[in-house]
Amino acid sequence: MSKPIKLAVIYGSVRNGRLCDAVAGWVADRVQARDDYSLDIIDPLAEGLIDLRGAGGAEEDAVAGRLTQADAFIVVTPEYNHSFPAALKHFIDGFNQPWHAKPVAFVSYGGLSGGSRAVEHLRQVFAELHATTLRQVVSFPNVWAHFDEQHRWRDMERGDRNLSTLLTQLRWWASALRDARAGTDYQALS
Ligand SMILES: Cc1cc2nc3c(=O)[nH]c(=O)nc-3n(C[C@H](O)[C@H](O)[C@H](O)COP(=O)(O)O)c2cc1C
């Protein structure tokens with residue numbers, strides 16, 4: 001098998017009491033159980049990157065390095081007011097080149113729409129950043145129904161199946177684009 005895909009899972013929510021911990025934690029568990037991926041978890045809250053004046057400095061440089069290393073991204077996003085959270089936009093905007101010529105997949109959650117409006121807005125943002133987004137999305141409508149009071153998952157059979165398909169497709173894109181970047185420097189094209 002080719003060498004593992006370096007995957008960064010990015011937290012989309014920084015809210016107190018966020019469900020994002022449970023959703024992203026589930027994604028991380030499933031990725032870690034596979035041998036075709038190596039995992040990095042990037043939580044803008046933990047990295048000190050939520051200062052809207054611009055974090056800059058060592059924290060941002062460290063995260064830029066980790067994003068640059070990544071071959072692929074999964075953004076775990078809730079829907080806020082028919083879009084994705086402002087903190088996630090701030091995080092994405094903090095970097096440019098690390099996103100270029102790489103695939104981005106989404107795991108989304110929310111009320112009725114399961115975060116689909118957040119995902120459609122994110123596709124526009126990542127197109128501007130020269131990233132490609134996957135059609136396959138793992139989404140959780142009415143996300144609260146999937147958890148008990150302690151934020152533990154109830155039944156993940158369908159979610160597991162969908163995530164497994166997404167990871168297989170993401171691996172295809174990540175591997176193809178990793179080879180392409182190694183062959184031709186994407187930055188040189190602009
Ligand atoms: C400010 C705010 C706005 C929201 N707007 C929507 C919305 O437009 N559509 C929707 O389906 N859910 C909406 N929700 C529900 C969230 O998607 C849901 O509470 C989710 O758990 C939030 O993610 P988090 O707990 O990780 O922050 C909203 C929640 C918040 C806090």
Side-chain angles (χ1 to χ4, degrees), residues 7-33 37 39-55 59-60 63 66-67 70 72-95 99 103-129 131 133-167 170:
L7 171 67
V9 171
I10 296 168
Y11 279 58
S13 170
V14 298
R15 199 176 62 85
N16 277 339
R18 62 188 179 181
L19 276 177
C20 199
D21 285 315
V23 183
W26 164 71
V27 174
D29 269 5
R30 297 311 188 259
V31 170
Q32 270 165 335
Y37 281 101
L39 176 67
D40 188 14
I41 295 172
I42 300 185
D43 173 4
L45 186 60
E47 310 298 343
L49 295 182
I50 56 168
D51 184 341
L52 290 177
R53 292 165 300 184
E59 292 91 351
E60 200 162 284
V63 173
R66 287 160 62 190
L67 293 174
F73 306 103
I74 293 182
V75 176
V76 179
T77 185
E79 181 167 309
Y80 286 179
N81 297 319
H82 289 203
S83 188
F84 59 92
L88 177 57
K89 181 68 162 61
H90 177 63
F91 176 79
I92 295 167
D93 291 347
F95 309 95
W99 306 113
V104 182
F106 302 107
V107 172
S108 69
Y109 55 100
L112 275 183
S113 75
S116 62
R117 292 167 290 214
V119 168
E120 294 312 312
H121 286 176
L122 280 163
R123 291 188 194 284
Q124 297 175 19
V125 172
F126 279 110
E128 177 61 16
L129 290 162
T133 60
L134 266 66
R135 178 215 178 258
Q136 178 86 8
V137 177
V138 177
S139 74
F140 294 99
N142 193 16
V143 65
W144 309 278
H146 295 276
F147 293 99
D148 65 15
E149 292 72 32
Q150 276 79 47
H151 286 187
R152 284 183 309 229
W153 288 99
R154 294 182 202 276
D155 174 19
M156 286 311 292
E157 201 182 311
R158 188 186 65 89
D160 280 340
R161 250 194 337 269
N162 290 345
L163 182 62
S164 173
T165 304
L166 178 137
L167 287 169
L170 184 61

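For ligands, and for the atoms within them, numbers begin at 1 and follow the listed sequence. Hydrogens, waters and symmetry mates play no part in the numbers below; they use all other heavy atoms, side chains included.
- Counting heavy atoms from C-beta on, the side chains of Tyr11 and Phe91 never come closer than 4.5 Å.
- Sorted pairs that involve residues 133-147 and meet salt bridge (Lys or Arg N to Asp or Glu O under 4.0 Å), not counting sequence neighbours, are lacking altogether.
- Between Val75 and Phe84, every side-chain heavy-atom pair lies at or beyond the 4.5 Å cut-off.
- Residues forming a salt bridge (charged side-chain N to carboxylate O under 4.0 Å, His left out) with Asp148 (at least two apart in sequence, or on another chain): Arg152.
- With values rounded to the nearest 0.5 angstrom, Ile74 atom CD1 is found 6.5 Å from Tyr37 atom OH.
- Sorted by first then second residue, the salt bridge (Lys or Arg N to Asp or Glu O under 4.0 Å) pairs that include residues 72-85, not counting sequence neighbours, are Glu79-Arg117.
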Could you tell me, for ligand 1, which of its N or O atoms are under 3.5 Å from any protein N or O, listing the pairs and their distances rounded to 0.1 Å?
{"unit_1": "ligand 1", "atom_1": "5 (N)", "unit_2": "Asn81", "atom_2": "N", "d": "2.8"}
{"unit_1": "ligand 1", "atom_1": "8 (O)", "unit_2": "Asn81", "atom_2": "N", "d": "3.1"}
{"unit_1": "ligand 1", "atom_1": "8 (O)", "unit_2": "His82", "atom_2": "N", "d": "2.9"}
{"unit_1": "ligand 1", "atom_1": "9 (N)", "unit_2": "Glu79", "atom_2": "OE2", "d": "3.0"}
{"unit_1": "ligand 1", "atom_1": "11 (O)", "unit_2": "Gly111", "atom_2": "N", "d": "2.6"}
{"unit_1": "ligand 1", "atom_1": "12 (N)", "unit_2": "Gly111", "atom_2": "N", "d": "3.4"}
{"unit_1": "ligand 1", "atom_1": "14 (N)", "unit_2": "Glu79", "atom_2": "O", "d": "3.2"}
{"unit_1": "ligand 1", "atom_1": "17 (O)", "unit_2": "Glu79", "atom_2": "O", "d": "2.8"}
{"unit_1": "ligand 1", "atom_1": "25 (O)", "unit_2": "Arg15", "atom_2": "NH2", "d": "2.6"}
{"unit_1": "ligand 1", "atom_1": "25 (O)", "unit_2": "Leu19", "atom_2": "N", "d": "2.8"}
{"unit_1": "ligand 1", "atom_1": "26 (O)", "unit_2": "Ser13", "atom_2": "OG", "d": "3.4"}
{"unit_1": "ligand 1", "atom_1": "26 (O)", "unit_2": "Leu19", "atom_2": "N", "d": "3.1"}
{"unit_1": "ligand 1", "atom_1": "26 (O)", "unit_2": "Cys20", "atom_2": "N", "d": "2.9"}
{"unit_1": "ligand 1", "atom_1": "26 (O)", "unit_2": "Tyr109", "atom_2": "OH", "d": "2.6"}
{"unit_1": "ligand 1", "atom_1": "27 (O)", "unit_2": "Ser13", "atom_2": "OG", "d": "2.7"}
{"unit_1": "ligand 1", "atom_1": "27 (O)", "unit_2": "Arg15", "atom_2": "NE", "d": "2.8"}
{"unit_1": "ligand 1", "atom_1": "27 (O)", "unit_2": "Tyr80", "atom_2": "OH", "d": "2.6"}

